[in-house]
Amino acid sequence: MNECALTMLKREKISINDTYGKLNSRLNSVQKQQLKKAQLAWIKYRDLACQFEASGVAGGSAHAMILTSCITEKTRQRNLELKALIECQEGNLSCP
C-alpha cells in the first residue's frame, strides 16, 4: 500500500510541476515571484497540515501511507487551482 501511495504521489508531482511551468510561462516577472512565494507557502501548509492529519497514527505502520495519501490529495487539489488560473476566461479580472 505504501508503494502504491508513493506511485500516486509521484504522478501528482509530475502533473503539478507541469501545470506550474505552464502557468509560470504566461506571467510577467513580478507575477512569477508572487506565484513562487505562494507556491512555497502552499508547500509548507500542505506538509504541516498533512503531518497534523497523520498524527493520529504516528509511529504506526499506517503512518507513511496516510501521510503520503494526504500529500497526494492536497497536491491534486492545488493542481486544479493552478489549472483554473491557466484556463481563466478573458475579461476575468481575478486572474493573473
Side-chain angles (χ1 to χ4, degrees):
M1 291 191 309
N2 288 338
E3 214 172 290
C4 182
L6 283 172
T7 299
M8 293 177 71
L9 177 58
K10 286 178 187 176
R11 286 185 194 146
E12 288 302 322
K13 284 185 173 185
I14 289 169
S15 182
I16 197 171
N17 288 337
D18 181 57
T19 302
Y20 180 92
K22 287 177 182 174
L23 177 59
N24 195 52
S25 71
R26 301 173 70 177
L27 303 175
N28 64 41
S29 60
V30 171
Q31 291 170 322
K32 286 179 181 187
Q33 285 301 315
Q34 291 170 332
L35 176 62
K36 182 179 179 180
K37 286 180 184 179
Q39 196 66 9
L40 290 173
W42 172 80
I43 290 168
K44 185 173 185 173
Y45 156 77
R46 179 202 65 190
D47 292 348
L48 291 171
C50 287
Q51 287 173 14
F52 173 70
E53 289 183 29
S55 67
V57 291
S61 60
H63 184 259
M65 184 192 67
I66 299 298
L67 181 63
T68 302
S69 295
C70 177
I71 292 171
T72 300
E73 183 55 31
K74 290 198 182 319
T75 302
R76 183 179 298 121
Q77 291 169 0
R78 178 64 175 166
N79 195 21
L80 292 173
E81 292 173 9
L82 296 177
K83 284 181 179 181
L85 292 172
I86 292 172
E87 297 168 0
C88 279
Q89 297 296 315
E90 187 174 337
N92 184 342
L93 299 178
S94 66
C95 295

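Because only heavy atoms are used, hydrogens play no part in the values below, and waters and symmetry mates are left out as well, while side chains stay in.
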Distance in Å, E87 CD paired with T19 OG1, rounded so as to fall on 0.5 Å steps
9.0 Å
Starting from I16, can I reach I71 by hopping between I/L/V/M/F/W/Y residues whose side chains sit under 4.5 Å apart?
no
Kindly state each residue pair satisfying side-chain hydrogen bond (donor to acceptor under 3.5 Å, both in side chains) with at least one member in residues 48-70, sequence neighbours excluded.
E53-K74
Hydrophobic clustering (ILVMFWY, side-chain heavy atoms < 4.5 Å, transitive) - are Y45 and Y20 grouped together?
yes
If you look only at distance, which donor and acceptor atoms sit under 3.5 Å apart when one is on a side chain in residues 25-39 and the other is two or more places apart or in another chain?
| from | atom 1 | to | atom 2 | distance (Å) |
| --- | --- | --- | --- | --- |
| S25 | OG | K22 | O | 2.8 |
| R26 | NH1 | I86 | O | 2.5 |
| N28 | OD1 | V30 | N | 3.0 |
| N28 | OD1 | Q31 | N | 2.8 |
| N28 | ND2 | Q31 | OE1 | 3.4 |
| Q31 | OE1 | N28 | N | 3.1 |
| Q39 | OE1 | R78 | NE | 3.0 |
| Q39 | OE1 | R78 | NH2 | 2.9 |

Say whether, by atom type as modelled, one donor and one acceptor occur between the side chain of N17 and the main chain of K13 under 3.5 angstrom.
yes
Starting from I43, can I reach L23 by hopping between I/L/V/M/F/W/Y residues whose side chains sit under 4.5 Å apart?
yes
Non-neighbouring partners of R76 that pass side chain to side chain contact (heavy atoms under 4.5 Å, CB included), sequence neighbours left out:
M8, E12, T72, E73
Is there a continuous path of hydrophobic side-chain contacts, each under 4.5 Å between heavy atoms, that joins L67 to V57?
no
